[in-house]
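The structure under discussion appears below in the form of structure tokens.
Everything numeric here is computed off the predicted structure, so don't read it as measured data. In what follows, chains carry the letters A, B, and so on, assigned in the order in which the sequence lines appear, proteins first and then strands, with residues in each chain numbered from 1.
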Protein chains: 2
Amino acid sequence: MISDYQLSERKRSLLNAIIKDYITHGEPLGSRTLCKRHDFKLSPATIRNEMAELEDAGLLVQPHTSAGRVPSDKGYRFFVDHLMESYIPTLEEKQFVRRLEQTSKAIDAVLFQAIRILSDATQAIAVAETPHIRANPVQTLNLMAVDEESMVLSLTYSGNIRRQSLIRLSQPIYSEILSLLTNYLNEQLHDNVSLDELFHRIVTCPLEREIQYYKSIILDMVSEIYAQTQREEKIYMSGTSHLLKEPEFHTTENAYPILQFLEQDQFVHQLFKRLNGTVQTQRSDVYCLIGYENYYQELKNCSFVATPYFIDTKAIGMIGILGPTRMDYPKVMGLLQTVANNLTQTLTRLFS
Amino acid sequence: MISDYQLSERKRSLLNAIIKDYITHGEPLGSRTLCKRHDFKLSPATIRNEMAELEDAGLLVQPHTSAGRVPSDKGYRFFVDHLMESYIPTLEEKQFVRRLEQTSKAIDAVLFQAIRILSDATQAIAVAETPHIRANPVQTLNLMAVDEESMVLSLTYSGNIRRQSLIRLSQPIYSEILSLLTNYLNEQLHDNVSLDELFHRIVTCPLEREIQYYKSIILDMVSEIYAQTQREEKIYMSGTSHLLKEPEFHTTENAYPILQFLEQDQFVHQLFKRLNGTVQTQRSDVYCLIGYENYYQELKNCSFVATPYFIDTKAIGMIGILGPTRMDYPKVMGLLQTVANNLTQTLTRLFS
DNA sequence: TATTGGCACTCTCGATAATAAAGTGCTAAA
DNA sequence: TTTAGCACTTTATTATCGAGAGTGCCAATA
């Protein structure tokens with residue numbers, strides 16, 4: 001395990017300096033440059049020796065003999081886990097984040113605003129899942145006719161989260177039937193059943209007598225509700241163009257696969273899913289995948305930092321940032337955390 | 001005006017060949033290559049002379065002396081207006097487009113699917129506005145309580161387009177008041193008033209006596225409805241990564257400004273707005289902006305092709321394609337037209 | 001008169017070579 | 001243990017050169 005490394009204080013500060021410098025300048029660091037930029041009381045020669053040892057430890061790599069050193073993925077990991085100090089947002093950035101509170105109500109709009117702010121502030125790509133609400137236990141369910149062909153579905157999820165949605169039906173339905181169905185569906189909702197499970201039951205199990213007659217209506221309704229909730233599970237993304245500004249993606253061959261990857265929502269969903277169970281930064285619930293840890297070949301030169309957002313105390317989705325491996329981790333993680341907290345507050349205020 | 005040019009039949013077919021070749025190969029065309037690829041009964045020398053004249057006419061340009069020729073924006077314009085034959089979709093592409101009919105109901109989902117299909121089929125960037133519904137005259141308006149804090153707003157627009165939306169209020173409201181408000185608002189809707197105008201009236205004009213008391217509720221409601229309808233006006237986009245595959249955007253400096261431009265919804269909205277009143281292809285309502293016609297510096301190496309989509313006979317939004325100036329116009333315009341027609345059919349079927 | 005072949009000229013592109021810059025590793029001295 | 005010095009390596013940059021593709025013009029041709 002990486003955290004087992006016992007590095008001397010000098011090596012740590014050296015590594016810290018190298019990574020920070022590399023993050024800002026994007027060029028391999030040589031002993032001389034390093035010596036000029038920082039005031040270690042050491043000569044380049046000593047630094048050279050230390051750097052050679054850091055390379056032996058796998059924390060640095062040389063792009064080629066007689067180039068400077070660059071942090072390896074392992075190096076970044078060490079930095080993230082042991083070296084970096086938490087980031088303090090500037091006043092301007094705080095101001096920036098506060099815009100979130102001024103957004104209007106709908107959950108999508110809030111999310112959208114959040115990733116906009118995040119990508120602007122970090123100059124990287126921000127992505128967010130919309131809340132996966134279907135896996136949540138439903139407490140009560142209510143159907144209400146609007147006119148012959150549409151109705152409102154009100155759901156109260158555990159944690160007192162309430163959502164309504166407007167459902168259009170392909171055939172007319174009368175309010176008596178609607179209340180019958182409401183009762184029936186509510187009966188099915190005893191022990192913490194989620195929408196997913198409820199629908200599964202309805203489709204697979206035989207229905208009770210009195211309901212049997214309306215099966216086609218129920219199925220129609222269910223499939224519409226299902227489609228609608230599924231359609232709601234989207235990926236929002238902002239700031240893809242920022243990637244092209246980074247020197248490592250200046251040639252299109254490097255940038256293209258990443259952008260193409262990101263355009264496919266299902267991959268991004270998977271990316272978020274994969275985070276559960278992976279390494280997590282100790283001080284918070286910010287997940288961080290560095291370079292090759294990313295599993296997807298397309299992202300091998302990227303790091304992905306993500307964190308869940310909540311309504312009340314229930315995690316309902318994730319928000320993250322994708323940038324070059326050489327990203328400013330403290331800043332990105334700090335801002336991500338701040339925005340996610342704000343998001344949680346805003347959503348909790350509005351929807352609990 | 002460009003269409004005044006009287007080109008000899010030979011010049012026309014030569015220009016046609018040059019543009020088509022350039023579209024597929026992406027490299028300047030020389031007289032010799034041209035002669036080899038096509039069976040004009042002419043020698044390279046003659047072709048050279050003709051090309052020189054086409055250049056004098058401003059239809060071709062030379063990247064530098066002694067390179068081949070490349071179509072100018074004016075050349076593309078002539079091609080689009082006078083030379084190109086309409087594109088016949090392949091069986092596969094027809095199959096492709098048919099997927100649109102299988103999409104589920106919500107208007108956004110249909111739109112989203114449409115641009116997905118379009119960008120896949122054309123290998124370019126597809127963009128669409130969501131319908132701008134607020135400018136449409138409203139015929140009837142209905143409010144209906146769902147619970148204390150939310151209600152359904154049903155609107156019937158001219159052309160019998162009906163839409164419902166769920167509104168959350170920041171304060172409780174009782175159904176008696178709701179029906180009062182419904183009546184009041186409906187009275188305001190006499191002569192073809194759109195939502196925009198209605199809201200403007202409410203905010204600026206003094207309210208009648210009996211209603212006055214509920215002003216804060218009305219304003220609250222109006223602002224929520226307004227926010228909600230405005231929020232609905234989004235830009236959908238698909239296939240941005242396709243741009244990076246084109247040789248002219250292989251170096252990031254060229255691609256970056258375009259992607260950044262596209263990330264700002266307000267610019268894309270403007271882009272669509274600007275189309276009204278500009279040149280239009282005669283054979284259909286496909287608009288086409290070539291190179292510098294695009295007004296925006298960022299898009300000077302791009303062409304933008306767009307067409308409205310309808311519900312019934314009412315244009316409610318636009319859908320378009322952005323690609324390099326060297327795009328395959330017949331194909332792009334043909335597929336755009338086909339998809340837009342399908343979109344119109346699907347939407348009309350669902351929402352009229 | 002329109003078309004063609006020939007030819008000198010121009011410009012780009014790719015390869016090669018030379019040079020400068022930056023960095024390393026090693027050794028010996030402090 | 002640290003440092004200074006030095007030879008060596010590698011990349012990036014620049015210059016040079018020739019090949020290739022294309023042009024324009026002129027004189028010959030049909």
Taking for Ala52(A) and for Glu50(B) the nucleotide of DNA chain C with the nearest heavy atom, the one nearer the 5' end belongs to Glu50(B)
Tell me the interatomic distance from [X], atom [atom1], to [N], atom [atom2], rounded to whole angstroms.
X: Leu60(B); N: dG24(D); atom1: CG; atom2: C1'; answer: 16 Å
X: Ile47(B); N: dA21(D); atom1: CD1; atom2: C1'; answer: 15 Å
X: Leu34(B); N: dT23(D); atom1: CG; atom2: P; answer: 9 Å
X: Leu54(A); N: dT24(C); atom1: CG; atom2: P; answer: 12 Å
X: Lys11(B); N: dT3(C); atom1: NZ; atom2: C1'; answer: 14 Å

Any Lys/Arg nitrogen of Asp81(A) or Arg77(A) sitting under 4.0 Å from an Asp/Glu carboxylate oxygen of the other? yes
Do Ile290(A) and Val80(A) have side-chain heavy atoms sitting under 4.5 Å apart? yes
Pair Gln337(B), Thr307(B) - check side-chain hydrogen bond (donor to acceptor under 3.5 Å, both in side chains), show working. CA-CA 7 Å; Gln337(B) 186 74 73; Thr307(B) 196; 4.5 Å; no
Would Arg10(B) and Phe40(B) count as a cation-pi pair here, with the cationic atom under 6.0 angstrom from the ring centre and within 45° of the axis? no
Pairing donors with acceptors under 3.5 angstrom, does anything connect the side chains of Tyr87(B) and Thr338(B)? no
Which atom pairs link the protein and nucleotides 28-30 of chain D when you take only N or O atoms and keep those under 3.5 Å?
none

Under the rule for ring-ring contact (aromatic ring centres under 6.0 Å, His included), what residues qualify as partners of Tyr22(B), not counting sequence neighbours? none
My understanding is that only one of Leu262(A), Leu271(A), Ile115(A), Asp265(A) makes a side chain to side chain contact (heavy atoms under 4.5 Å, CB included) with Ile235(A); could you say which? Asp265(A)
Where protein sits on nucleotides 4-23 of chain C, one letter per nucleotide: B base, S sugar-phosphate only, - none, heavy atoms under 4.0 Å: BBB---BBS----------B
Exactly one of Glu55(A), Glu27(A), Glu53(A) should register a salt bridge (Lys or Arg N to Asp or Glu O under 4.0 Å) with Arg69(A). Which one does? Glu55(A)
